[in-house]
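Down below is the structure, laid out as structure tokens.
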Protein chains: 2
Amino acid sequence: MSVELLSIGKLATATGTKVETIRYYESVGLLPPPGRTKGNYRAYSAQHLARLSFIRRARALGFSISQVQELLKLADQKDISCKAVDMIAREHLAEIDRKLRDLNTLRSELSSVIVQCRHGTISECRIIETLAPDSAAGG
Amino acid sequence: MSVELLSIGKLATATGTKVETIRYYESVGLLPPPGRTKGNYRAYSAQHLARLSFIRRARALGFSISQVQELLKLADQKDISCKAVDMIAREHLAEIDRKLRDLNTLRSELSSVIVQCRHGTISECRIIETLAPDSAAGG
DNA sequence: ATAAAGCCTGAAGTCACTAGAGGGTCAAAC
DNA sequence: GTTTGACCCTCTAGTGACTTCAGGCTTTAT
């Protein structure tokens, strides 16, 4: 492999990605298929490295694969306005905020259930009680 | 179907669950298989209703299927201490706290990226820039 | 009698990977 | 020059918690 080209393993360490994940990204069309060596090894260029870095950062920020696809498509068209990019990012932020709200609600509900646990027997366990409906449950 | 028994559709509306999800719960052993009518329709009892309500509430609190399995197993043994239940709940709470921390980090990173967007062209877009590595990217 | 709604099974699809089987290639040590 | 071991290849299946689909039976309403 030339000095300029990276094996899949090198690309993996360079970007903190697993080798299998890189092949997966190729299979779903996120990362373009690189050239191959005579031994049929993938040989990645600096462009591939840049693109994979982009992908990893976007994924780390929680963008879905398809959102990353969109961002990449937009990033390739240098002349158009970046309003679309901003919109995707803002939508994603709203999504995160929804998740945060949900998780916070969850957290307070769950912890209030836990606090009530007096470590008695199951039949008087507040956690189980809270989950079970008022009626029924008993045979 | 008798007055006391519910079709899968009624059970679904009663618990806010999709019909397919109920069949899925049966297939993974969360919900015991109910009796059948002569037409081979599932016929659910009040116990099934109670159990599914329990499952749905636990799932809504973010417990995984296998955690719900454990909780159900424990709930059925009325005489033992509920320490195990408490432990599962506390572990789950810790998990939620981890997720909350991660999401909050994510949120502040993403929103700082968004704030920098001046709606220029893609080539000067801060969002794209932040995602892309300093070097490379250009052919 | 017929149409619509509801139910049945079994298999495949979703998301974003991860793991494994069964092999080929390459660099270095001996 | 051969052997060891790390690295790479493809293809397939598994994860979690469902969802969707195909193809067909049952019940209910008109």
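In this text, all values refer to a predicted model and were calculated from it rather than measured experimentally. Chain A is the first sequence line, chain B the second, and so forth, proteins listed ahead of strands; every chain is numbered from 1. FYI, side chains are in, hydrogens and waters are out, and symmetry mates aren't considered; it's all heavy atoms of this structure.
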Rounded at 0.5 Å granularity, tell me how far [atom1] in [X] sits from [atom2] in [Y].
X: A:Leu72; Y: A:Leu31; atom1: CG; atom2: CG; answer: 9.0 Å
X: A:Tyr44; Y: A:Thr15; atom1: OH; atom2: OG1; answer: 9.5 Å
X: B:Leu49; Y: B:Leu6; atom1: CG; atom2: CG; answer: 6.0 Å
X: B:Leu110; Y: B:Thr105; atom1: CG; atom2: OG1; answer: 12.5 Å

State whether [X] places a side-chain N or O below 4.0 Å from either non-bridging phosphate oxygen (OP1 or OP2) of [N].
X: B:Lys10; N: C:dG6; answer: no
X: B:Ser66; N: D:dG16; answer: no
X: A:Arg36; N: D:dT10; answer: yes

Name the closest nucleotide to the A:Arg42 side chain, picking from D:dT10, C:dC17, C:dC7. D:dT10

Between [N] ([atom2]) and [X] ([atom1]): distance, integer Å:
X: B:Asn40; N: D:dC25; atom1: CG; atom2: P; answer: 13 Å
X: A:Gln67; N: C:dA16; atom1: CD; atom2: C1'; answer: 14 Å
X: A:Gln69; N: C:dA16; atom1: CD; atom2: P; answer: 10 Å
X: B:Leu6; N: C:dG6; atom1: CG; atom2: P; answer: 15 Å
X: B:Tyr44; N: C:dG6; atom1: OH; atom2: P; answer: 16 Å
X: B:Leu5; N: C:dG6; atom1: CG; atom2: C1'; answer: 17 Å
X: A:Ile55; N: C:dC15; atom1: CD1; atom2: P; answer: 17 Å

If we ignore angles and hydrogens, is there a donor and acceptor under 3.5 Å between the side chains of B:Arg56 and B:Thr17? yes

Please determine, by modelled atom types, if B:Arg51 and B:Tyr25 share a side-chain donor-acceptor pair under 3.5 angstrom.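 Judged by distance alone, the side chains do not pair up.
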
I need the residues from residues 19-30 of chain B with at least one non-hydrogen atom less than 4.0 Å from DNA chain D; give them sorted by number, or say none.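 Contacting residues: B:Glu20, B:Thr21, B:Tyr24, B:Tyr25.
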
Among residues at least two apart in sequence or on other chains, which ones pass side-chain contact (heavy atoms from CB on, under 4.5 Å) with B:Ser45? B:Leu5, B:Gln47, B:His48

Base of C:dC8, side chain of B:Tyr41 - is there a donor-acceptor contact under 3.5 Å?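 Between C:dC8 and B:Tyr41, which were checked side chain against base, a qualifying N/O pair under 3.5 Å is absent.
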
Mapping B:Lys38 and B:Ile65 onto DNA chain D by nearest heavy atom, which one lands closer to the 5' end?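 Of the two residues, B:Ile65 wins.
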
Considering heavy-atom distances to DNA chain C, does A:Lys18 or A:Gly39 have its closest nucleotide positioned more toward the 5' end?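 That would be A:Lys18.
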
